[in-house]
Amino acid sequence: FLKELLPGLRKLNLKIYLETNATLPDEFKKISRCVDIVAADIKLPSVTKNKAFWGKHLDFLKAAGNKKLFVKIITSDKVKTADFKMALSLMNKVSSNIPLVIQPVMKNKVLQISVKKLFALQDYALKFLDNVYVIPQLHKIIGIK
């Protein structure tokens, strides 16, 4: 779908922003020339309860490394330090200049991670990356699913 749509949008001189789970590096390569900004979610197994995609995430970050790229990691009190460190390691293998957005899970407008733990994650990430931000899931705060 995107392979068909994006070239037409590019002809209109539009900036293309792609939000992705960062697990399809080969598919991304097919459309990368049409994409300007990439928001790549790295899913932590301890938070999502799904399997890890470390290899796919690394390959994706390498494929998107020449774009305006930032990574988003969703966190909760269930986050395991090893998962978080692995995500940082993948990012750092590509570039320490990739901005990281740490997004705490919100449920009923309540953080699902302690503020102390949240900012400890940010402090730790700043040892490896140049730009690390904590931004809440605004869509959950304002009631959009």
Side-chain angles (χ1 to χ4, degrees), residues 1-3 5-6 9-10 13-145:
F1 172 76
L2 291 177
K3 194 173 175 184
L5 175 67
L6 295 182
L9 295 176
R10 176 63 71 211
N13 250 357
L14 297 172
K15 292 279 186 191
I16 307 299
Y17 170 88
L18 178 69
E19 204 160 316
T20 174
N21 67 5
T23 61
L24 301 170
D26 294 332
E27 295 301 314
F28 176 74
K29 289 174 188 174
K30 295 175 186 176
I31 62 166
S32 67
R33 67 181 183 358
C34 294
V35 175
D36 299 295
I37 303 165
V38 179
D41 286 0
I42 293 182
K43 308 289 187 185
L44 303 182
S46 54
V47 176
T48 65
K49 302 300 179 207
N50 294 320
K51 70 177 190 169
F53 292 98
W54 304 126
K56 295 278 188 187
H57 287 316
L58 178 59
D59 291 345
F60 186 91
L61 293 175
K62 287 178 180 176
N66 64 339
K67 300 292 177 183
K68 283 189 177 182
L69 168 68
F70 71 92
V71 169
K72 184 171 57 173
I73 297 176
I74 306 296
T75 59
S76 73
D77 271 332
K78 297 180 185 338
V79 67
K80 289 185 180 174
T81 304
D83 285 352
F84 191 74
K85 286 181 178 180
M86 177 60 87
L88 297 179
S89 173
L90 299 179
M91 293 176 66
N92 207 33
K93 285 180 182 178
V94 176
S95 173
S96 63
N97 289 320
I98 300 171
L100 171 62
V101 174
I102 301 171
Q103 267 198 330
V105 172
M106 303 282 294
K107 190 173 186 178
N108 298 323
K109 299 183 183 181
V110 177
L111 285 175
Q112 299 301 297
I113 185 171
S114 72
V115 172
K116 182 178 180 180
K117 187 171 186 175
L118 182 61
F119 288 109
L121 291 173
Q122 182 186 34
D123 287 342
Y124 183 78
L126 282 166
K127 294 177 183 177
F128 303 95
L129 302 171
D130 299 330
N131 302 292
V132 181
Y133 309 94
V134 174
I135 301 174
Q137 292 180 302
L138 187 58
H139 64 286
K140 298 230 177 150
I141 294 171
I142 62 174
I144 299 173
K145 291 189 180 207

In Å, rounded to the nearest 0.5 Å, how long is the span from [atom1] of [X] to [atom2] of [Y]?
X    : Y    : atom1 : atom2 : result
I73  : M91  : CD1   : CE    : 6.0 Å
K15  : Y17  : NZ    : OH    : 14.5 Å
I135 : Q103 : CD1   : CD    : 7.0 Å
N97  : F70  : CG    : CZ    : 16.0 Å
I31  : L5   : CD1   : CG    : 9.5 Å
W54  : L44  : CH2   : CG    : 5.0 Å

Of all heavy-atom pairs between S95 and L129, which one has the smallest distance, and what is that distance? O-CD2, 4.1 Å
All heavy atoms of P136 vs all of P104, minimum pair found to be CA-CD, 4.1 Å
Test item: [X] and [Y] side chains (from C-beta on) under 4.5 Å apart, heavy atoms:
X    : Y    : answer
K117 : V79  : yes
L18  : L2   : yes
I42  : F84  : no
I113 : V105 : no
L100 : L88  : yes
R10  : D36  : yes
K30  : D26  : no
V94  : L58  : yes

Just wondering, are more than 12 heavy atoms of other shown residues or ligands nearer than 6.0 Å to NZ in K49? yes
Give a yes or no on this: more than 12 heavy atoms of other residues, nucleotides or ligands lie within 6.0 Å of atom NZ of K56.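 No, not enclosed.
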Partner of V71 under side chain to side chain contact (heavy atoms under 4.5 Å, CB included), chosen from V101, L61, V38: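 One option only clears the test, and that one is L61.
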Test item: [X] side-chain N/O and [Y] main-chain N/O as donor-acceptor pair under 3.5 Å:
X    : Y    : answer
Q137 : M106 : yes
D41  : E19  : no
K67  : S32  : yes
D83  : S46  : yes
N21  : T23  : yes

Starting from the C-alpha separation in whole Å, work towards a yes-or-no answer on side chain to side chain contact (heavy atoms under 4.5 Å, CB included) for T81 and Y124. CA-CA 10 Å; T81 304; Y124 183 78; 5.9 Å; no
Walk me through whether V115 and L111 qualify under side chain to side chain contact (heavy atoms under 4.5 Å, CB included). CA-CA 8 Å; V115 172; L111 285 175; 3.9 Å; yes
